[in-house]
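First comes the structure, then the notes that go with it.
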Amino acid sequence: MSTPQPQPGVMDIALYQGGKSHVAGVANVVKLSSNENPFGPSPKAIEAVRDSATGLHRYPSTDHAALRGAIGARHGLDPDRIICGVGSDEIIAFLCQAYVGPGDEVIHTEHGFAMYRISTLGAGGTPVEVPERERVTDVDAILAAVTNRTRLVFIANPNNPTGTMIGEGEVARLADGLPGHVILVLDGAYAEYVAGYDGGAALIDQRDNVVMTRTFSKLYGLGGLRVGWGYAPQAIIDVLNRLRGPFNLSGTALAAAEAAIADADYADWCLAENARLRGWLAEALAEVGVPSDTSCANFILARFADRDEAEAADAFLQARGLITRKVAGYNLPQALRITVGDEDSCQRVAQAIRDFKGAA
Ligand SMILES: Cc1ncc(COP(=O)(O)O)c(C=O)c1O
């Protein structure tokens, strides 16, 4: 008997593993597993969400003009070359849908974000994983992996889960080394955390084949509403908009994102707290023999001796209600990714790891 069959590639997708949010039998957990802003969204975004409730019977804007205008104003970008999506995940999916098909290759790095592989397989393409150099994107390894079947190259800068990044010169060298038929996607989910970094915007203005993805899920604390965006050459934006559902973002999500990006003072305060607590936490862990690379984002990748020790530390933390992220699925079994929480959470994590190491 014949049965329905999915398209090639779909059954090769391993389900995305999100950060845990519960521990059986432990109340009052602190979730440090999904790189969320521990301070939540701007109070102005919360107010905008409340205000949006009276308009829930209306369809939302389909062109997102107000939000694109606000993003353009904040970042000095042309709003016509911005596209908004249901999280930056949706922009990643559009890129794969539009430019990748069976037989095509998509390059991502060894410890690259899971959705690059998932969206590639969903489009019928072949993910190609290239090594990093000591948990840092290796431009030469990427360039060496390019073939005439390569369609996209994804790098997150800063990268998740390593927290490391490459400089603008290296990004430009990568862009220069790619053939014209390959799109370089600069995933800037954590770009806001890097002072003075434009996420690659200037490079995009000079090239036909460079795209940037960004999100409201991290610094702006709106992961629950799912708002992301992309910035690209006009020809690519025109392609992606053909795939975008006309009402992909709810009115509530649009209103919240507009209010969040307008509240620069709140974002700056969150950034300053993150930088202060990130440095403090990294140092506290290093003092007890748990190193991490200098993080450019809102998490640190704490490295233990081996997989066993990382798993034991994870269990120890969970028993104290502290949920971090195991990253064996990112080829980092010896590490735990820890979101930088508020002061109290950071102190609890540091104390728990001190106690864990002391007890070992
Ligand atoms: C590197 C990177 N890219 C993209 C995303 C997707 O974010 P969102 O779809 O919430 O915008 C994440 C989320 O964790 C991420 O870490």
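Along the sequence shown, the residues carry numbers beginning at 1. No hydrogens, no waters, no symmetry mates; every other heavy atom, side chains included, goes into these values. Counting starts at 1 for both ligands and their atoms, in listed order. Just so you know, these numbers come straight off a predicted model, no measurement behind them.
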Do any N or O atoms from the side chain of Ser88 and from the backbone of Gly85 form a donor-acceptor pair under 3.5 angstrom?
no
So does Arg325 get a backbone contact from the side chain of Ser33, meaning a donor-acceptor N/O pair under 3.5 Å?
no
Out of the candidates Leu184, Thr137, Val128, Thr150, only one should pair with Ile142 under the side-chain contact (heavy atoms from CB on, under 4.5 Å) rule; please name it.
Thr137
Tabulate distances under 3.5 Å between N/O atoms of ligand 1 and N/O atoms of the protein, writing both atom names on each line.
unit_1   : atom_1 : unit_2 : atom_2 : d
ligand 1 : 3 (N)  : Asp187 : OD1    : 3.2
ligand 1 : 3 (N)  : Asp187 : OD2    : 2.6
ligand 1 : 7 (O)  : Ser88  : OG     : 3.4
ligand 1 : 9 (O)  : Ser88  : N      : 3.2
ligand 1 : 9 (O)  : Asp89  : N      : 3.0
ligand 1 : 9 (O)  : Asp89  : OD1    : 3.3
ligand 1 : 9 (O)  : Asp89  : OD2    : 3.4
ligand 1 : 9 (O)  : Arg226 : NH2    : 2.8
ligand 1 : 10 (O) : Ser217 : OG     : 2.6
ligand 1 : 10 (O) : Arg226 : NH1    : 2.7
ligand 1 : 10 (O) : Arg226 : NH2    : 3.4
ligand 1 : 11 (O) : Ser88  : N      : 2.6
ligand 1 : 11 (O) : Ser88  : OG     : 2.8
ligand 1 : 11 (O) : Thr215 : OG1    : 2.5
ligand 1 : 14 (O) : Lys218 : NZ     : 2.9
ligand 1 : 16 (O) : Asn160 : ND2    : 2.7
ligand 1 : 16 (O) : Tyr190 : OH     : 2.8

In this structure, which one of Ile107, Val106, Asp12 forms a side-chain contact (heavy atoms from CB on, under 4.5 Å) with Thr120?
Val106
Please tell me whether Tyr190 and Phe299 form a close aromatic pair, meaning their ring centres lie under 6.0 Å apart.
yes
May I ask you to list the residues sharing a hydrophobic cluster with Tyr59, side-chain cutoff 4.5 Å, ordered by chain and number?
Phe247
